[in-house]
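The structure under discussion appears below in the form of C-alpha cells.
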Amino acid sequence: MLKVVSWNVNSINVRKEQVLRFLEEKQPDFLLLQETKVEHFPKEPFQRLGYKVYHAGGKGRNGVAILSKEEADETVIGFGDLFQDVQAKERLIGCRFKDLYVFSVYVPNGAPVESDYYYYKLEFFYHLREYLEKNFSPQDKIILGGDFNVALQPQDVYDPLLFEGQICFTERERKAMSYLLDWGLIDTFRLLYPDKKGLFTWWDYQFSAFKKNLGMRLDYILATKPLAQHLKECDVDLKTRGLPKPSDHAPIIAMFDL
DNA sequence: ATGACTGGAGTTTCCAGA
C-alpha cells in the first residue's frame with residue numbers, strides 16, 4: 001500500500017511538533033507540505049524519524065517540501081526554463097523515485113480578483129500544464145499534490161451562491177485548474193466520492209469557521225491514470241484540524257494499492 | 001462581554017492568507 005499525504009502546514013516552525021506526531025502515527029510513504037514559510041527546513045527531527053527531506057522555500061513565505069521514507073533519485077525545483085519567476089521556485093518541488101514522480105505544489109492565492117496577482121495565479125496553472133506536457137506523458141506514474149487554492153465544483157464550497165465570483169471560486173480559476181487536469185490528472189478524492197458535499201480541506205481561522213464547517217476544498221492529490229486505477233481510499237484528517245494551534249488546512253490522504 | 005484569526009517581518013504595526 002502506498003500512502004500519500006498533502007498538508008499546507010502554515011509554517012513548519014510553528015507546526016513542527018504536530019507534523020512529527022502525525023508522521024509517527026500515520027507513517028505515510030510521502031508527505032507533501034506547503035507553506036513551510038522557511039528558507040531552511042528544520043530537517044533533523046524528521047530525519048531521526050527515518051524521513052528524507054526535500055525542500056524549496058524562501059524567507060518567511062511560501063515553501064514546499066517532500067518528506068519520503070525512500071531516497072529520491074532526482075529532485076527538481078520550479079519550472080525550469082518555462083517560468084523563471086522567483087516565487088515559482090518556492091512553489092513547486094518534484095522528486096523521482098525510480099519510475100514514480102511526486103510533486104508538491106503551492107498555487108498562488110491570487111487575491112484580489114482581477115489584480116496582477118490574480119492573473120499570475122491563472123498563468124501558474126498554464127505553466128504547470130506546459131511543464132508536464134514538455135517533460136512527461138499521462139502514461140507516466142505522477143502524483144501532484146498540494147494546495148491548489150481553487151474549489152473546482154459547487155460541492156467544494158459551503159455556499160456556491162455566496163462564493164460565486166470570490167477568490168478561489170471564480171470561473172477562470174476553475175477553468176485554469178480544469179485545463180491542468182485535462183492533461184491527464186485525476187482528482188483522487190472526487191474519483192472515489194463524486195457527489196460528496198460538505199467535506200473541505202481549508203477553514204478560515206476567523207468566525208469559528210471550522211466549528212461551523214464553513215470551508216472550501218482547496219487541497220488535492222492528483223494522479224495520472226496508471227496510479228489512479230489503483231486508488232483505494234481518500235480522506236481528510238479533520239482530527240488534526242481540530243487540534244490546538246492548528247494550520248488552517250487539514251491534511252489530505254490518498255492510498256494506492258501498489 | 002452581544003465579539004473573538006494567524007504567522008512573519010521586524011519593531012508594535014503592517015501584510016498576506018483565502
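Order of the sequence lines fixes the chain letters, A, B, ..., with proteins taken first and strands second; residue numbering starts at 1 for each chain.
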Show me the side-chain donor-acceptor pairs of residues 17-26 of chain A shorter than 3.5 Å, one per line, residues at least two apart or across chains.
unit_1	atom_1	unit_2	atom_2	d
Gln18(A)	NE2	Pro244(A)	O	3.1
Gln18(A)	NE2	Lys245(A)	O	3.0

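Between the side chains of His249(A) and Asp219(A), at least one donor N or O sits under 3.5 Å from an acceptor N or O. Under the 3.5 Å distance criterion, with hydrogens and angles disregarded, no donor-acceptor pair is assigned to the side chains of Asp235(A) and Tyr193(A).
Checked for salt-bridge contact, Lys98(A) and Glu70(A) meet the test: a charged N lies under 4.0 Å from a carboxylate O.
Straight-line distance between the C1' atoms of dC14(B) and dG10(B): roughly 10 Å, to the nearest whole Å.
Applying the 4.0 Å criterion to OP1 and OP2 of dA16(B), one finds that Asn109(A) has every side-chain N and O outside that range. In this model, the phosphate group of dA18(B) is approached by a side-chain N or O of Tyr106(A) to a distance below 4.0 Å at OP1 or OP2. For dG17(B), the OP1/OP2 oxygens have no side-chain nitrogen or oxygen of His249(A) closer than 4.0 Å.
Contact annotation for Asp147(A): backbone-only contact, meaning every heavy-atom pair under 4.0 Å involves sugar-phosphate atoms and none involves a base. In this structure, Asn149(A) reaches the sugar-phosphate backbone alone: every heavy-atom distance under 4.0 Å involves primed, P, OP1 or OP2 atoms, never a base.
For Gln153(A), the side-chain hydrogen bond (donor to acceptor under 3.5 Å, both in side chains) partners at least two apart in sequence or on another chain are Arg190(A).
Between the CZ atom of Arg241(A) and the P atom of dC5(B) there is a distance of 13 Å, given to the nearest Å.
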Protein-nucleotides 7-12 of chain B N/O pairs under 3.5 Å:
unit_1	atom_1	unit_2	atom_2	d
dG7(B)	OP1	Arg15(A)	NH1	3.1
dG7(B)	OP1	Arg15(A)	NH2	3.2
dG7(B)	OP2	Lys245(A)	NZ	2.7
dG7(B)	O3'	Ser11(A)	OG	3.4
dG8(B)	OP1	Ser11(A)	OG	2.5
dA9(B)	OP1	Gly60(A)	N	3.2

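Residues Phe207(A) and Glu35(A) both approach DNA chain B. Their nearest nucleotides, taken by heavy-atom distance, put Phe207(A) toward the 5′ side.
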